[in-house]
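Below you'll find the structure, written out as structure tokens, and then a few comments.
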Amino acid sequence: MELVQRARQGDRRAIARLISLAENEAPEATAALQELYQYTGGAHIIGITGPPGSGKSTLTDKLVKELRKRGKTVGVIAVDPTSPFTGGAILGDRVRMADLALDEGVYIRSMGTRGSLGGLSKATHYTIKILDACGFDYILIETVGVGQSEVDIVKTADTVLVITVPGLGDDIQAIKAGILEIGDIFAVNKADRDGANRVVVELEMMLDLDPEKSNWRPPILLTVAAQSKGITELLDTIMNHKEFLEKSGLLEKRRRERLENEVLDLVVQKISNYITEKVGQEGRLNKELDRIMRREVDPYTVVNKIFQETLK
């Protein structure tokens, strides 16, 4: 496919076009993803999550600039809440990172959650593959930051960076909501505020309670992203985690588990589409719904019947 070849050669308009096709689940998107798949697997994927107001966008911006100083190319996927009225993203990180948009080694894409409960839509996963196949060394995914739904990032990223800040008043609550379990690295951002050290102590105490001890204890770093403080150390720690994953074999294990989930999800989706199409033919589903409404049969019996008749 010409579009794939142009994207692989760094044509930004071709990359944008491919992502748009994937977002809209256009028929040609599947063929493009099939062609691109052989080139994926080279990028290290970093998930950046944390509560609103923790400075995720600023910290992402600084990490990208630090990676560029080290000669690395970077793809950024900024996930924003989807407007319930227009279906579009409410905020655009490309606006917030405008000075990076002119850098040939950086590609930034904002996209909405599109109703995904896990915070990441199917389009996000497709975009990761496209940017990976187009040769970006690192892919940063900045999540919406709405709490428990952010745990979805752990199924996608190689390294998960959890950001918190002092003074929000919900530090521990956020941690209890599941954030603690997914963090490979913690950054206490806006550390020039009072209470930063207290947050570090609370995080250390929570990590001590983790019953599943591993060879990687998540480091906790202090950063002031707006002043570029602590960014070099944070990126060094991300690099250390990448090296740990590679040497321990954990990277391959995580990616295999991710692949298993992806294949099973695709199988479920295909079966779902097939059954939906079959039961929709000739008003079959409506007939069954009428019977259920009249209490002639229960929904569970109808589901079993649909399965037996459709997948025989």
Side-chain angles (χ1 to χ4, degrees), residues 1-48 57 60-61 63-80 82 87-89 91-114 116 119-143 153 155-159 242 251 255 258-259 261-263 265-266 269:
M1 183 184 288
E2 184 193 345
L3 194 60
V4 167
Q5 297 308 317
R6 282 171 43 211
R8 290 263 303 143
Q9 290 165 6
D11 184 332
R12 287 167 171 269
R13 294 181 66 178
I15 295 173
R17 177 67 181 148
L18 277 177
I19 294 173
S20 295
L21 289 172
E23 278 187 306
N24 297 323
E25 299 188 39
E28 54 267 52
T30 301
L33 288 166
Q34 285 176 311
E35 191 173 339
L36 283 168
Y37 190 78
Q38 61 185 308
Y39 304 111
T40 61
H44 191 74
I45 302 165
I46 303 169
I48 300 174
S57 293
T60 301
D61 176 82
L63 279 176
V64 172
K65 287 172 178 166
E66 186 65 26
L67 281 164
R68 293 296 294 141
K69 282 183 191 172
R70 301 185 190 191
K72 305 297 182 185
T73 54
V74 190
V76 179
I77 303 172
V79 182
D80 284 322
T82 295
L91 296 174
D93 279 77
R94 276 185 293 179
V95 176
R96 298 201 287 271
M97 301 178 193
D99 57 331
L100 288 174
L102 300 176
D103 187 335
E104 287 294 320
V106 179
Y107 186 90
I108 301 172
R109 180 77 173 206
S110 292
M111 54 179 49
T113 54
R114 297 195 170 207
S116 170
L120 299 179
S121 64
K122 276 195 295 184
T124 307
H125 296 282
Y126 295 152
T127 303
I128 292 168
K129 284 192 175 67
I130 291 167
L131 294 178
D132 187 0
C134 289
F136 289 95
D137 299 317
Y138 288 82
I139 298 172
L140 275 57
I141 309 164
E142 182 196 329
T143 69
I153 191 69
K155 299 175 186 172
T156 305
D158 298 318
T159 298
K242 179 174 181 284
L251 183 65
R255 290 186 172 182
R258 194 184 308 160
L259 187 61
N261 289 330
E262 181 182 355
V263 169
D265 285 346
L266 288 170
Q269 184 184 333

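Count residues from 1 along the sequence.
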Close side-chain approach of [X] and [Y], heavy atoms under 4.5 Å:
X    : Y    : answer
K242 : I46  : no
I48  : L140 : yes
V74  : F136 : no
T124 : T156 : no
I130 : L33  : yes
V79  : E142 : no
Y107 : I15  : yes

* Side-chain (D11) to main-chain (R13) donor-acceptor, under 3.5 angstrom ->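 Yes, D11 side chain to R13 backbone: donor-acceptor pair under 3.5 Å.
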* **Any donor-acceptor N/O pair, D137 side chain to T73 backbone, under 3.5 Å** =>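 A pair under 3.5 Å: yes.
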* To do: Give a yes or no on whether E2 atom CD has more than 12 heavy-atom contacts from other residues, nucleotides or ligands under 6.0 Å away.
  =>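 Count not over threshold, so no.
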With sequence neighbours left out, write down each residue that passes salt bridge (Lys or Arg N to Asp or Glu O under 4.0 Å) with [X], or none if nothing qualifies.
X    : value
E262 : K129
R8   : none
E35  : none

* To do: With sequence neighbours excluded, tell me which residues meet side-chain hydrogen bond (donor to acceptor under 3.5 Å, both in side chains) with R70.
  =>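 Partners of R70 by the side-chain hydrogen bond (donor to acceptor under 3.5 Å, both in side chains) criterion, ordered by chain and then number, come out as E66, D236.
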* **N261: side-chain hydrogen bond (donor to acceptor under 3.5 Å, both in side chains) partners, not counting sequence neighbours** =>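 Once residues adjacent in sequence are excluded, N261 has no partner under the side-chain hydrogen bond (donor to acceptor under 3.5 Å, both in side chains) criterion.
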* To do: Might you work through the side chain to side chain contact (heavy atoms under 4.5 Å, CB included) test for C134 and R12, ending with a clear yes or no?
  => CA-CA 10 Å; C134 289; R12 287 167 171 269; over 6 Å; no
Show the nearest heavy-atom pair for residues [X] and [Y], with the distance to one decimal.
X    : Y    : answer
G47  : A157 : N-CB, 3.4 Å
T40  : A133 : CG2-CB, 3.9 Å
I128 : I141 : CD1-CD1, 3.4 Å

Atom [atom1] in [X], atom [atom2] in [Y]: separation rounded to 0.5 Å?
X   : Y    : atom1 : atom2 : result
E23 : Y126 : CD    : OH    : 11.5 Å
K65 : R68  : NZ    : CZ    : 12.5 Å
L18 : T127 : CG    : OG1   : 10.0 Å

* To do: Apply side chain to side chain donor-acceptor pair (under 3.5 Å) to the pair S20 and R109, showing each step before the final yes or no.
  => CA-CA 10 Å; S20 295; R109 180 77 173 206; 3.1 Å; yes
* To do: For D158, enumerate each residue passing the side chain to side chain contact (heavy atoms under 4.5 Å, CB included) test, keeping only those at least two apart in sequence or located in another chain.
  =>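 D158 satisfies side chain to side chain contact (heavy atoms under 4.5 Å, CB included) with H44, I45, L245, L251, R255, R258 only.
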